[in-house]
Each structure stands twice: as structure tokens, then as C-alpha cells.
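Have a look at the structure below before the remarks.
None of the values given here were measured: they were computed from a predicted structure.
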Number of protein chains: 2
Amino acid sequence: MADIPPSHPRFASLRRRERLIDGFRAGLATEAGLLAHGRGEALDYLLGEQTHSFADEAIRTASAMLVCARYPVFSVNGNSASAAGPEIIQVLAAHGDMAAEVNLFHHSPERSRRIHDYLRGIGASHVFESVSAESQELPEIQHARRFMNQEGIARADVVLVALEDGDRCQALVRSGRTVIAIDLNPLSRTAKIAQVAIVDEISRALPLLAQYLREERTRPRQELEQRIASYDNNEVLRSAERVIRGSV
Amino acid sequence: MADIPPSHPRFASLRRRERLIDGFRAGLATEAGLLAHGRGEALDYLLGEQTHSFADEAIRTASAMLVCARYPVFSVNGNSASAAGPEIIQVLAAHGDMAAEVNLFHHSPERSRRIHDYLRGIGASHVFESVSAESQELPEIQHARRFMNQEGIARADVVLVALEDGDRCQALVRSGRTVIAIDLNPLSRTAKIAQVAIVDEISRALPLLAQYLREERTRPRQELEQRIASYDNNEVLRSAERVIRGSV
């Protein structure tokens with residue numbers, strides 16, 4: 001990054017790319033994660049690398065859901081930790097009562113522990129790992145991603161997932177949980193299955209979510225519930241599709 | 001890949017991803033290359049992971065140009081070697097008089113040598129490295145990618161580049177060379193600057209190019225020149241844009 005000036009039109013995107021490579025070298029992300037990030041970059045490019053009004057609406061709704069939740073948990077994987085570690089901490093701090101749980105598609109105990117330690121190191125106070133001695137299981141899905149920490153997602157009513165695969169998102173919704181997903185592909189199963197899909201780049205979306213959480217923790221509960229009731233995820237996804245379609 | 005059956009609708013794409021990861025682990029591709037491949041995957045997804053008629057037209061024109069060329073060279077980088085090593089060899093063999101030259105955006109002598117040795121190992125007879133004791137330089141661009149091997153690209157009238165950055169493509173065109181580019185992004189500078197842009201996935205496009213080369217080596221030169229003269233790259237790029245736009 002030494003030779004890319006902050007005035008470069010794609011500086012933010014290039015800085016995010018460096019974050020992923022740093023995360024990969026630190027053992028947080030995988031090679032498959034680097035590829036997945038590249039796919040996200042292409043979609044974000046088509047979105048003009050900006051937070052659109054449909055994403056803002058989803059983020060506002062997500063904020064209301066998280067404030068109203070009994071026990072919300074942020075499900076963190078290698079890519080979200082690498083791409084947006086500090087921004088994840090911002091959200092946890094802004095909420096005040098939200099835990100993080102490390103859940104990996106390509107699980108290894110070492111990588112899970114490294115991400116746990118990384119989040120703790122940058123300021124998260126409650127971090128769980130899905131795979132632990134006290135794990136419960138989501139039905140219908142395979143691999144280690146089916147596990148839920150007994151103190152974390154197993155107890156959660158609302159789960160915020162980022163860059164998540166469709167199978168796990170579906171299993172979480174079927175288990176009765178409310179799922180908020182951050183996903184740059186409005187056509188993905190994750191975006192369609194989640195109750196709220198934030199079609200935006202994670203490190204742009206999270207600071208905005210943190211801001212709304214700070215503003216809305218004291219709002220009347222009824223107002224927040226009305227906002228949740230009037231939210232239409234299908235319409236948000238259609239708007240995202242239109243932007244991607246039109247901007248190419 | 002052991003758990004992905006060949007009947008999977010995205011088998012070919014997933015196999016290509018494995019090739020990139022293998023190439024990265026073998027020291028041919030870089031982390032930045034994995035990210036770039038991910039961006040290409042997203043664009044190929046929008047293209048329906050198939051070779052469209054606009055790509056076929058570009059490949060036919062490229063074939064004519066390569067047959068008519070005095071000395072064509074295939075510029076190979078870490079991603080193209082990883083994603084399509086055997087297909088590169090198919091094209092070189094089908095042409096019969098085309099050399100390969102290793103040119104890297106993130107140059108290291110070791111990686112250049114590894115790609116050289118890899119291509120030789122799978123059957124390429126003439127492989128040069130851009131950075132060598134007998135290099136010449138393209139004006140106007142920085143970094144090691146400006147070098148041209150005196151026996152390779154420095155002598156070439158037609159250069160086939162794949163997954164190439166815009167600066168080098170532009171410098172090659174300004175140097176008076178004809179550039180054929182394989183690039184999944186019809187909006188990229190590379191696609192716009194090249195005389196022929198093949199908007200297609202490299203490992204799908206190259207076998208088709210090899211087939212046309214075999215068929216056309218014996219065609220009357222005049223017929224090939226007419227095809228080249230009637231080719232309109234801007235129209236090809238507009239068609240590619242329309243497909244990407246419509247398929248989201």
C-alpha cells in the first residue's frame with residue numbers, strides 16, 4: 001500500500017484488500033477466503049463502492065432488531081474478522097450487550113482460537129467459539145459450522161452473520177432465530193433467506209450500524225417495532241439488483 | 001474437490017478455483033492473484049459461466065491475427081499459468097510458431113523462474129522471461145512488468161495477454177504492437193485499450209482459440225485479413241456489457 005496515495009479513487013477498496021492479505025498471513029483467513037473477498041470486490045465495484053439507500057434502510061432495521069433483541073450475537077468468520085475487525089468491535093461496543101462467536105466454514109481449532117484471541121485483543125469482551133466442549137448443534141447442516149456455543153448462538157434470538165453461506169443461514173432461520181446478513185450479492189441464498197439483508201461492504205456498513213445503535217438505544221420500543229414490521233427485504237433486494245444491473 | 005461431484009452445476013468454476021489455490025501453494029500465483037481470481041469469478045457468474053457469441057467472435061478474430069502475425073508471443077503471469085497452464089500449451093501447440101513469455105505484475109526472479117519451469121515442464125518449447133540479462137524496456141510504465149525479453153515480446157508484433165493490468169496493456173499498444181486481451185471485465189481499461197478483447201474465462205476461451213488456430217492455419221490469408229478488418233471491439237464490449245447487465 002506504500003505506493004497507493006489516499007487520493008486514489010479506489011483507496012478504500014485497496015486498503016480492504018490489504019487487510020484480507022494481512023488476515024491471511026496472520027492465519028485468520030484462508031485461501032478460499034481471499035477468493036471470496038475478490039468476488040465481493042467485483043460486486044462492490046458494480047455498486048459503486050458506496051452505501052446505497054436500500055442498504056441504509058436494512059442497516060436501520062438491523063439496528064432496531066438488535067436493540068429489541070433479548071440476546072443478539074455477532075457470528076464472526078475469518079473474512080469478517082480480517083476485513084472489519086475494528087468495525088466489529090465498534091458495533092459490539094455501541095450495542096453494549098452483544099456477544100461475538102467465532103464460526104468457521106473451514107474449521108480448525110487453531111484458526112478459531114486465533115480469531116477469538118484477535119477479537120479479544122482489539123477490545124471484544126464476550127467472544128465465544130462455536131466449537132467447544134459446551135456446543136449444541138443446528139440440525140440439517142454438516143461440518144463444524146453446525147455447532148453453536150451454549151453461551152453464545154445457542155442462546156441467541158437474533159444472529160448477525162457476515163459473508164455467510166446459504167446453508168448455515170437457512171439452518172439458523174429454520175431454528176427460529178432472526179438472521180441479519182451482510183452480503184454483497186443480492187441474489188445469494190443468504191440474502192434471500194435472511195430476514196434482513198444488508199447489501200453493502202462490511203467495513204462500510206458496520207460503522208453506520210454502530211452509529212444507529214448509539215442513537216437508538218433510548219428510542220421508544222414501539223417505534224423500533226413499527227420500523228421492523230414495515231421492513232420489506234424482498235423490495236430491498238430488488239433495489240440492490242436494479243443498482244447492480246444499471247451500473248454496469 | 002473430493003466432495004464436489006462433476007454433476008455440480010458450478011463444477012468447472014470450483015475446479016478452476018482449486019487450480020488457483022494449487023498454483024498459489026506451488027508459488028506460481030500470489031495472494032493478490034487469488035483476490036483477482038475471485039473478482040473474475042463474480043464476473044463470470046454474471047456471464048452465466050459460458051462463452052457468448054461476442055467472445056466467440058473475438059476469439060475467431062484473435063485466431064486470424066495470430067495466424068497472420070510475423071511473431072506472436074503469449075504473455076503469461078501467475079494467474080494465467082495457474083488457471084490455464086494446459087490450455088496455454090494447447091494454444092502454443094496449435095499455432096506452432098508462438099512463444100510464451102513470463103511477465104509478472106508482482107515480480108520476483110524466483111516466481112518468474114518457477115512459472116517458466118512449470119510451462120516448460122508441461123510442454124512449452126519456447127518460454128522466455130521478461131526480466132533477464134537481455135531485456136528491453138517499454139516506456140511509460142513502472143515496475144518490472146515494463147521489461148520485454150529481447151528474444152520474446154521485444155521482437156513480437158502481436159501479444160496475447162490474459163488477466164493483464166491496464167497500464168501495461170496501454171504501453172504495449174502504444175509501442176505499436178497489436179494486443180489481444182483475455183479479460184472478464186468489459187469495462188476494464190485493458191478490455192478497452194486492446195485491439196481485441198476476449199471477454200471470457202481463460203480456460204474456456206483458450207481451447208476454442210486452439211481449435212480455430214488448427215482450422216485456420218491453412219485458410220487464405222486474404223480471408224483472415226478481411227475478418228480482422230471487419231472486427232469492431234467496441235461493439236463486442238457493448239454486447240458483453242448488455243449480457244452482464246441483463247443477467248443480474
Open item on the list: Taking the side chain as everything from C-beta on, heavy atoms only, tell me whether B:Thr30 gets closer than 4.5 Å to A:Ile21.
Closed with: no
TODO: Answer whether the closest heavy-atom distance between the side chains of A:Glu31 and B:Glu31 falls below 4.5 Å.
DONE: no
- [ ] Could you pull out the closest heavy-atom pair between B:Leu34 and A:Leu35, with the gap in Å?
- [x] O-CD2, 3.2 Å
TODO: Answer whether the closest heavy-atom distance between the side chains of A:Tyr45 and B:Asn185 falls below 4.5 Å.
DONE: yes
Open item on the list: Just verifying a value: how many Å separate B:Asp44 CG and A:Arg39 CZ, rounded to the nearest 0.5 Å?
Closed with: 12.0 Å
Task: Straight-line distance of B:Leu43 CG to A:Leu46 CG, nearest 0.5 Å - done: 6.5 Å
